[in-house]
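Lettering follows sequence order; numbering is per chain, from 1.
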Amino acid sequence: MEKVRVEARNIELSYGATKVLRDISLTVEPGEFFALLGPSGSGKSTLLRLIAGFTRHQAGRLLVGGRDVTGIPPWKRNVGMVFQNYALWPHMTVERNVAFGLEERGLPRDEVRRKTEAALELVGLSGYGARRPNQLSGGQQQRVALARTLAIEPQVLLLDEPLSNLDAKLRVQMRHELLRLHKRLGITTIFVTHDQEEAMTICDRIAVMDQGVIQQVGTPVELFDHPANRFVAQFVGSVNLFEGEIQAGPTFVSPTLGQCALPSALLNAGKSRVHLAFRPHAVRFDEAPGAGNLELEGSIAGGEFLGEFMRYEVRVNQAIVTADQPHLRGTERLPEGTPVRLSIASRELRLIDA
Amino acid sequence: MIVAVALAIAAFIVAFLVVPVGSVVYTAFSGGTGAFTLGHFASFFQISLMRESFWNSLYVAGMSVVFASVIAIPLAYFTVRFRFRGALLIQTLGVLPLIMPPFVGAVAMQLLFGRSGSVNLLLNDWFGFAIPFMNGLNGVIFVESLHYFPFILLNLTVSLQNIDGAMEESAQNLGASGLRLFRRIVFPLAMPGYIAGASLVFVKVFDDLGTPLVLGQTNMLAPQAYLRITSVGIEDPIGYVISVIMVAFSVAALWMSARILKGRDYATLQRGGNSLQKRDLTHWQSVLAYAWIVALLLLVLSPHIGILLMSLSKVWSFSVLPEGFTLAHYQTVFTQSPHMIGNTLLYCGLAALIDVTIGTAIAYIILRTRLPGRQMLDWAASAALAIPGVVLAIGYLRTFRGVELPFSDAAFTSTWVALMVAYAVRRLPYALRSCIAALQQMHVSLEEAAENLGATKGRTIRRIVVPLMAGGILAGFVTSFITAAVELSATIMLSASASQAPMSYGIYLYMQSIAGRGPGAALGVIAVVIVGLGTYASHRLLQWRATHVAQQATNT
């Protein structure tokens, strides 16, 4: 099947006075597994529903496979959507549910049957056709919803928080399954989620959204290593973030963290008010001073044991620095008040515009 | 304590529902010596009038469901689908017919839609033809559909509102739209509500005695049962056979709807989900919609308008409008029969009080105790829904022959007490549903908190449960009260004397003669006003509660 590109160009959408989408521009490449990631109210679901045709934008263009789909009703778009609550019709059997879209397309009966069976087999539910949706587990319902959407061979697959109603173990399992299906079918897929781990583990690229605006688009590694702004830094992974000013030296002067010498390699052009950012796992305890490292003096203020690592809170002047220390069997937890010296390698430091 | 209450309730239901209905069934199947026989049924079907009545009743009930559906389905769909102010009008439409007993409207409908009624006179003048709205069984179907369509409207609307919007969107996403979408997804999902409403309409119409009687259509089952028992006598087996057939059909209709609905709780709306998306009407669409709704409103209101005109008119026949207006009929009513108004308030008030008391107790026993057989109470009390008023009344007349009230010489069935008890038994299911719903919404932790702070079970019920259930109890009281106030089937048979008769019987009596129509209509208007005020007051009170008290209780 032909893989299509989905393109949004300067899309604006508001409900009354509330702006839901502002100047959205993005391109999802053919065959890409693409995530829209953001907190609730960020506009990610609205954007997905816009692509499916359930809402209309007031300005901008929306192209699917190079064709402007504005004004095309949902039932003529051939853009398959899997709903968050699956939306399986309780008055129909699994088979009738999956056959529905094929019947609406007026396919001959034996072809409907063949494709229905193929779709159910694709998701590993052959033999479940005669059951009713309410006789299935959550994971199975999810698969039926997927089969129902895939049966119509849509140009684009839209997934609206498809894993949010599953328990933690099943979620990971379905994640792999989605990835497997995508590899096999190669269909352009757009995945809405508020869970950064979900987005990072399965998607090729991610658009981080907040308040109706796309904050950054990139691969998971790009977003994690080079967050474009404070929101992305905080939303994707954990981060230590301190506001301050760069003065001659170069010295970073923060009202909470105090003064510290910055590795000169970090100095960026001209901006004096910045955020200094580094990930908790980049913090080392009591290492020999190395050239170009950021060095801080503090004392342990608390700690959470998370299994693979210990997440310490370290008081440095008025600031709290989060520091993850890998845990190996027998490592003792440092008691509160223990003085520690923190060092962060310069390549792990990031200056983000305030 | 709980056991004693449960036993008392059971005794009440057995004495005033199970035994009387049982005796009717027993009589229908027993020969002169008491042996089992089907002979009475055989002779029933040998009488051609009976066969005709049987088919007529089925036909009228079936057609009423059809017409009520034609009115109700589009209205319900409008309410949930479109964003327009007419929704309020439709809600009003859904209540107005219910506050007026159908037999009261029937006479007015004849004046408006009959062969020489206003509408046909106009049609004849303008276009030279007439429509037989009210001829024979048509009249019964017409009046009953207009009266009972709200049952379908209300149930269907709730069902439609409970459909998750994603159900529809996913169908659109897969290529369905328009009428196909409605037929394949939306309507099937709303089916439970429709079936519940339609089966109620069927049962109600099948059982109705007043409307056919007032319209002179006695070749139906309910009127035949009534005529048999009152003219041939209490021993005539045919009356009992008819009763059994009526009960059987009611039970069958309700059983079938329960069976179809089993395992089909399609209330798919989840927490945080959205209902069906509302659309805006275009200018012309809303003009059309309003025109249609207003036309329907006029039709639905025509019994009300007709009865009001009748109550104010000097002479009204063979003319589009009355020829002169007067208040004399109201004067007649207030001088001749003010006691009937008082009687209605007394009987229905007491009956409703009994209903909510028993209803609250049963609700508590089913939902909060582990009493063995507690579900039986619910079933027994709800079974009254399937018992036509005529049948219950015949059962009373037979069972309580010669039984006297304690501390008096009066026979039970010759006093208003029998009528009041019949009201209570027949309206118990309504009050019970309302009480159960109220208690279901209440989280058990509210009671546990009271017990944790030292309140006994009894005091918890009094201080926490009943106050929090008050809204539901009140709704139950009002429903019981207003439906009892417009009841005619049992009323006709159990009203012993004019001095003890309630308004519904009074209206019926007046309507028997041409001269009495004016005062009858006046009494009808008074009944509608009382019932309407009661409905409105309880609606307001429930709304007030919903915003002030209930929220805290359910949020917990």
Side-chain angles (χ1 to χ4, degrees), chain A residues 40 45 48-49 51-56 72-92 96-107 116 119 132-135 141 144-161 164-165, chain B residues 81-83 155-156 158-196 198 257 259-282:
Chain A
S40 57
S45 284
L48 197 75
R49 292 170 57 78
I51 299 170
F54 294 123
T55 47
R56 257 185 108 140
I72 297 181
W75 47 92
K76 290 192 177 149
R77 286 203 178 186
N78 204 32
V79 163
M81 175 153 164
V82 175
F83 289 77
Q84 183 172 9
N85 58 9
Y86 318 139
L88 298 178
W89 303 300
H91 65 296
M92 295 180 182
R96 303 313 316 147
N97 264 283
V98 177
F100 184 90
L102 301 167
E103 289 164 358
E104 288 301 317
R105 279 163 176 70
L107 265 59
T116 303
R132 296 233 170 218
N134 59 13
Q135 295 170 315
Q141 292 184 15
V144 176
L146 206 53
R148 184 174 73 178
T149 308
L150 291 174
I152 62 167
E153 294 166 23
Q155 291 180 294
V156 179
L157 177 62
L158 307 177
L159 305 168
D160 187 6
E161 305 243 8
S164 62
N165 283 344
Chain B
R81 164 90 316 155
F82 297 109
R83 203 172 303 143
N155 280 298
L156 189 58
V158 172
S159 265
L160 284 170
Q161 274 163 346
N162 281 333
I163 297 176
D164 194 310
M167 290 285 149
E168 186 184 54
E169 287 180 349
S170 54
Q172 288 177 333
N173 181 255
L174 295 171
S177 63
L179 209 57
R180 273 182 73 79
L181 176 66
F182 179 76
R183 194 170 55 76
R184 294 196 66 188
I185 303 293
V186 179
F187 193 68
L189 286 174
M191 203 55 160
Y194 175 74
I195 301 249
S257 89
R259 231 189 100 87
I260 295 174
L261 298 186
K262 202 172 173 206
R264 297 192 185 204
D265 183 12
Y266 290 163
T268 49
L269 191 59
Q270 294 177 347
R271 241 181 23 175
N274 297 312
S275 316
L276 296 180
Q277 225 178 33
K278 294 218 173 194
R279 295 187 199 137
D280 285 313
L281 287 166
T282 62

Check your understanding: Which heavy-atom pair separates T149(A) from I152(A) by the least distance, and what is that distance?
Key ->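 For T149(A) and I152(A), the tightest heavy-atom pair comes out as O-CG1, 3.1 Å.
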Exercise for review: Name all residues meeting the salt bridge (Lys or Arg N to Asp or Glu O under 4.0 Å) criterion together with R105(A); count only those two or more places apart in sequence or in a different chain, and write none if there are none.
Suggested key: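 For R105(A), no residue satisfies salt bridge (Lys or Arg N to Asp or Glu O under 4.0 Å) once neighbours in sequence are set aside.
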Practice item. Against chain B, label F54(A) side chain, backbone, both or neither, depending on which of its atoms sit under 4.5 Å from a heavy atom there. Key: both
Exercise for review: Please flag which part of R148(A) lies under 4.5 Å from any non-hydrogen atom of chain B: side chain, backbone, both or neither.
Suggested key: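 Contact with chain B is through both the backbone and side chain of R148(A).
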Practice item. Hey, could you give me the OH/CD1 distance between Y194(B) and I260(B), rounded to the nearest 0.5 Å? Key: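 The CD1 atom of I260(B) is 11.0 Å from OH of Y194(B), to the nearest 0.5 Å.
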Identify each donor-acceptor pair in which a side-chain atom of residues 183-193 of chain B lies under 3.5 Å from a protein atom, sequence neighbours left out, and give them as a table.
from: R184(B); atom 1: NH1; to: E103(A); atom 2: OE1; distance (Å): 3.3
from: R184(B); atom 1: NH1; to: E104(A); atom 2: OE2; distance (Å): 2.9
from: R184(B); atom 1: NH2; to: E103(A); atom 2: OE1; distance (Å): 2.4

Check your understanding: If you tally heavy-atom pairs under 4.5 Å against chain B, which of G101(A), A87(A), A145(A) wins?
Key -> A87(A)
